[in-house]
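I have placed the structure first, in the form of structure tokens, so that the comments after it can refer back to it.
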Amino acid sequence: MPLSLRLSIADTLTLGNATCGFMAVYFTTTGILIPDLMGSQESGMARNSAATAVILMLCAAVFDLFDGLVARKLRSSPMGAELDNLSDLISFGLAPAYFVLVYGMVAEGAYQRVAAVGAIVVLLAVVLRLARFSCVTVKDGTFQGMPSPFGALTVVSIVLLELPFVATLLAILGTAWLMVSRVEYPKPRGRLAVAMLSWIVVGMGMMAAWAFDAPSGQLLLQTGCALQLVMGAVIPLFATARRVNNFRDNRREARAAQLP
């Protein structure tokens with residue numbers, strides 16, 4: 001095959017990301033939406049399917065984390081960047097947006113049309129973010145705006161918290177704004193990558209406990225979702241603090257250079 005069409009190891013991981021995103025949509029449809037439309041009252045199946053869909057999104061985030069690391073070590077094919085954007089659109093754009101839409105259709109007291117607007121906003125925010133990421137160069141070590149995997153997990157966490165519908169919608173719109181904003185988020189490298197991977201594994205454990213109705217499973221789920229929201233708001237503060245410290249250090253150096 002031509003070199004431009006050969007898949008690398010990193011590209012294979014990227015395709016795993018896309019597969020997980022598609023399967024998340026599948027489980028959301030077959031386990032939550034269809035039973036609700038059929039009038040099924042079995043909450044356990046819906047809980048298991050929701051947990052499976054979210055775990056698949058978490059797996060997609062793992063693939064997205066490792067395909068970048070592998071690409072930097074072993075290099076990717078010429079298709080790598082395009083494959084990564086398309087896979088991210090499926091797993092972190094379509095899958096969470098569809099999750100929000102289905103939530104609006106099955107939740108008590110929800111408004112389907114308003115939920116559809118929220119889902120469209122999430123999807124378009126990811127589309128705009130990925131397009132900007134492809135054509136805008138930012139300083140090394142940071143992302144401009146909330147990364148799409150983090151944004152997708154934050155959106156899903158908001159839904160799983162089962163807040164009042166208006167509060168849920170406002171929080172989702174706020175997350176979508178963060179994804180297209182200029183707020184800086186650090187790239188997951190080194191210790192931060194290890195911490196992110198550990199958090200994803202913990203998240204999978206909490207989802208499994210909730211799915212199987214383990215003791216305190218609901219409390220674990222709510223705690224994990226709340227922490228996800230807090231991290232989404234707090235992490236940019238570290239990048240802002242670092243930028244302020246760098247600005248102060250540069251001013252001190254400039255003043256020291258002006259002294260006789």
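Only this structure's heavy atoms are used, side chains among them; waters, hydrogens and symmetry mates stay out.
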*What about Y98 and Y26, same hydrophobic cluster or not, with Ile/Leu/Val/Met/Phe/Trp/Tyr joined at side-chain heavy-atom distances under 4.5 Å?*
no
*So how far is it from I200 CD1 to M207 CE, rounded to the nearest 0.5 Å?*
13.5 Å
*Plane angle bin for F150 and Y185 - parallel if under 30°, tilted between 30 and 60°, otherwise perpendicular*: tilted
*Taking all heavy atoms of A211 and all of N48, pick out the closest pair and write down the distance.*
O-OD1, 2.5 Å
*Residue E82 excluded, over 12 heavy atoms near CD under 6.0 Å*: no
*asked:* Is there a path of hydrophobic side-chain contacts, each under 4.5 Å between heavy atoms of I/L/V/M/F/W/Y residues, joining L86 to V126?
replied: no
_Closest non-hydrogen atom pair, A61 against P149_ = CB-CB, 4.4 Å
*Of all heavy-atom pairs between F27 and S49, which one has the smallest distance, and what is that distance?*
O-CB, 3.7 Å
*Got a second to check how far T154's OG1 is from L178's CG, nearest 0.5 Å?*
8.5 Å
*From I172 atom CD1 to S157 atom OG, the distance as rounded to the nearest 0.5 Å*: 10.5 Å
*Step by step, would you call L197 with F66 a side-chain contact (heavy atoms from CB on, under 4.5 Å)?*
CA-CA 10 Å; L197 180 61; F66 278 102; 3.8 Å; yes
_I'd like to know if V100 and I90 are part of one continuous hydrophobic network [Ile/Leu/Val/Met/Phe/Trp/Tyr, side-chain heavy atoms within less than 4.5 Å]._
no
*Give, for atom CG of D88 and atom CG of L94, the distance between the pair rounded to the nearest 0.5 Å.*
12.5 Å
_Closest contact, heavy atoms only, A125 versus M179_ = CB-CE, 4.2 Å
*Interatomic spacing from CE in M57 to CG in D64 - rounded to 0.5 Å*: 14.0 Å
*asked:* On a heavy-atom basis, which atom in G203 and which in L58 lie closest, and how many Å separate them?
replied: C-CD1, 3.9 Å
*asked:* Nearest 0.5 Å, please: how far is CD in Q112 from CE in M105?
replied: 4.5 Å
*Counting distance only, does the side-chain N/O of T168 pair as donor-acceptor with the main-chain N or O of L163 below 3.5 Å?*
yes
*Identify whether V122 and L173 are in the same connected component of the hydrophobic contact network (ILVMFWY, side-chain heavy atoms under 4.5 Å).*
yes
*Considering non-hydrogen atoms only, spot the tightest contact between S181 and R132 and give its length.*
O-NH2, 3.0 Å
_For D11, run the side-chain contact (heavy atoms from CB on, under 4.5 Å) check against V70, L83, D67 and tell me which one passes._
L83
*Look at the side-chain heavy atoms of Ile, Leu, Val, Met, Phe, Trp and Tyr, link any pair under 4.5 Å apart, and say whether F99 and W210 land in one connected group.*
yes
*Give a yes or no on whether the backbone of N17 and the side-chain of S91 come within a donor-acceptor separation of less than 3.5 Å.*
yes
*asked:* So does Q144 get a backbone contact from the side chain of R129, meaning a donor-acceptor N/O pair under 3.5 Å?
replied: yes
